[in-house]
2 protein chains.
Amino acid sequence: MNIFLIEDNLVMQELLIEYLQNYGYSVEAFDDPILALEKLKNKNSCDLVILDLMLPKMDGFDVCKQIRAQSNIPIIISSARDNLGDKVVAFEHGADDYLAKPYEPKELLIRMDAIFRRVNGRTGVQKIGIFEIDDNKMQIIQDGHPLELTKIEYEILSLLLRHPNQVFSRSLISQHLNQELKDRAIDMHISNIRAKLFDDIKTPMFIKSIWGVGYKFIG
Amino acid sequence: MNIFLIEDNLVMQELLIEYLQNYGYSVEAFDDPILALEKLKNKNSCDLVILDLMLPKMDGFDVCKQIRAQSNIPIIISSARDNLGDKVVAFEHGADDYLAKPYEPKELLIRMDAIFRRVNGRTGVQKIGIFEIDDNKMQIIQDGHPLELTKIEYEILSLLLRHPNQVFSRSLISQHLNQELKDRAIDMHISNIRAKLFDDIKTPMFIKSIWGVGYKFIG
DNA sequence: TTTAAAATGTAAATTTTTTGTAAAGATTTG
DNA sequence: CAAATCTTTACAAAAAATTTACATTTTAAA
């Protein structure tokens, strides 16, 4: 998850960066909104913007408006001003939430989570090692690269990913997918999945065969 | 717009009902959460729940959980307790926002609007890539050119557009449109929409088929 | 260590399922 | 009832799933 932080108070910036990074987010921070907007235009790897209203050069509301003009990225306003007027304007400009300073970082975090739940659907995205499972998009991302999986491949891989190190017999896989698959058909699917993961059979990084039993994901 | 208000303080209830009705919402109020949950189960005409945490008979969080177990209706928690712990728990139970009493009714209103924008897509004209959805005119514009869509086509396309990359099964589309469509009927609509978008089946720019599952809009 | 049976890996062929859509039929709307 | 919209049908095409066949690996018995 990649967060854009637009905040010119460097103490506050430092604090938030460290806090968010602690929770596994990668943060790109800006004190100059013009620069941030430039970067946003080129990047599409931004999942959320945290935006301070008091900025040099540009009004925070205008930043909000400009972001909203080009994308639907969720925006959380973080402002020292705690009055209804500003909140009204912020929401009108397409902000997704409004936090009045001072706030506890934890509150930012839970509101971020709430937004991600809404954006990604309630189930959210599950992260397992270098993999991310997105149920709504029916997609698995390996190290940032989305995999092109068929339906069954997606189901088998997400099953294994969600239970790292657990050995699945072929019949157990069959059961979990709610359909009757012949053993060799499963082998074929595993083979195809491995190819897509660029997994090396000799020294597998991801899916290991358990001889005489089945397969497991190495967690 | 139909609002469920679950609040046992009758003064507060009265106040909110009048306020919300003034702004064109129809409100059903309950002081008994059990009754409210019953009603919710049968009705599907509820667009949002405003939920007080201090209730008789049942814990507000449990109400939240039960609502969330059966539907995705947005929930705003309205609570006299203003501490992080409660906020954390509320969001974890699937709440969409948290307002600490006392709050100005106006603030409730703008947060409701923010939620509706997120859930229904932004009001007025929503821009998604080269598309614009105009809810009022019931029209979708592609790259400046208004599309001539039938009612169902409009509904399906705007559903897909508003959730880019999310895979919709045919039954999910059916559910969202609130009518029972046969799978092949949906296929037909998709086919007709594609023709109007001049989308190329071989290398689709807009609507991608997810084999064995359904369709998604490429965002 | 050798060896044969059992299990696995996978390319290629085959079968099955799903999808695309034209055209016909049914339903709704003005 | 005519026109527009929606649904069903039917068949071709595409994609995925499975089977086959053979190479390779593993295991355990000789």
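Residue numbers begin at 1 in each chain, while the letters A, B, ... track the order of the sequences.
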Q: Please report, rounded to the nearest Å, how far the C1' atom of D:dT5 is from the CD1 atom of B:I156.
A: 13 Å
**Q.** Side-chain touch B:M112/B:L20, heavy atoms, less than 4.5 angstrom
**A.** yes
Q: Check whether the ring centres of A:F131 and A:F206 lie less than 6.0 Å apart, and answer yes or no.
A: yes
**Q.** Side-chain N,O (A:Y154) to OP1/OP2 (D:dA17) below 4.0 Å
**A.** no
Q) Ion pair present between B:K87 and A:D113, side-chain N to carboxylate O less than 4.0 angstrom? A) no
Q: Please state how far atom CD1 in A:I190 lies from atom P in C:dT8, giving the value in whole angstrom units.
A: 11 Å
Q: With the side chain counted from C-beta on, respond yes when B:Y98 and A:I110 share a heavy-atom pair under 4.5 Å apart, and no when they do not.
A: no
Q. Just how far, in rounded Å, is C1' of C:dT21 from OH of B:Y215?
A. 11 Å
(Q) Nearest whole Å is fine: how far is D:dA14 C1' from B:I210 CD1? (A) 15 Å
Q: Report the distance from atom NZ of B:K196 to atom C1' of C:dT21, rounded to the nearest whole Å.
A: 15 Å
Q. B:T150 side chain N/O closer than 4.0 Å to the phosphate oxygens (OP1, OP2) of D:dC6?
A. yes
Q: Establish, with yes or no, whether the OP1 or OP2 oxygen of C:dT19 is under 4.0 angstrom from a side-chain nitrogen or oxygen of B:S191.
A: no
Q: Return the value, rounded to whole Å, for the distance between atom NZ of B:K151 and atom P of C:dG30.
A: 12 Å
Q) B:I201 has an atom CD1; how far is it from atom C1' of D:dA13, in whole Å? A) 12 Å
Q) Could you give the CG-to-C1' distance, from A:D187 to C:dA11, as a whole number of Å? A) 14 Å
Q) Under a 4.5 Å cut-off applied to non-hydrogen side-chain atoms, are A:L40 and A:F4 in contact? A) yes
Q | Residues A:K196, A:E148: salt bridge by 4.0 Å N-O rule | A | no
Q: Summarise protein proximity over nucleotides 18-30 of chain D in one line of letters, 5' to 3': B for base, S for sugar-phosphate only, - for none, counting protein heavy atoms closer than 4.0 Å.
A: SB-B---SBS---
(Q) Any carboxylate oxygen within less than 4.0 angstrom of a Lys/Arg side-chain nitrogen, looking at B:D96 and B:R111? (A) no
Q | Estimated bend of the helix from C:dT1-D:dA30 to C:dG30-D:dC1 (axis per five terminal pairs, rounded to 10 degrees) | A | 40°
Q. Would one find more than 12 heavy atoms of other residues, nucleotides or ligands at under 6.0 Å from atom CD of A:Q166?
A. yes
Q | Lys/Arg-Asp/Glu bridge criterion (N-O < 4.0 Å) met for B:D187, B:R184 | A | yes
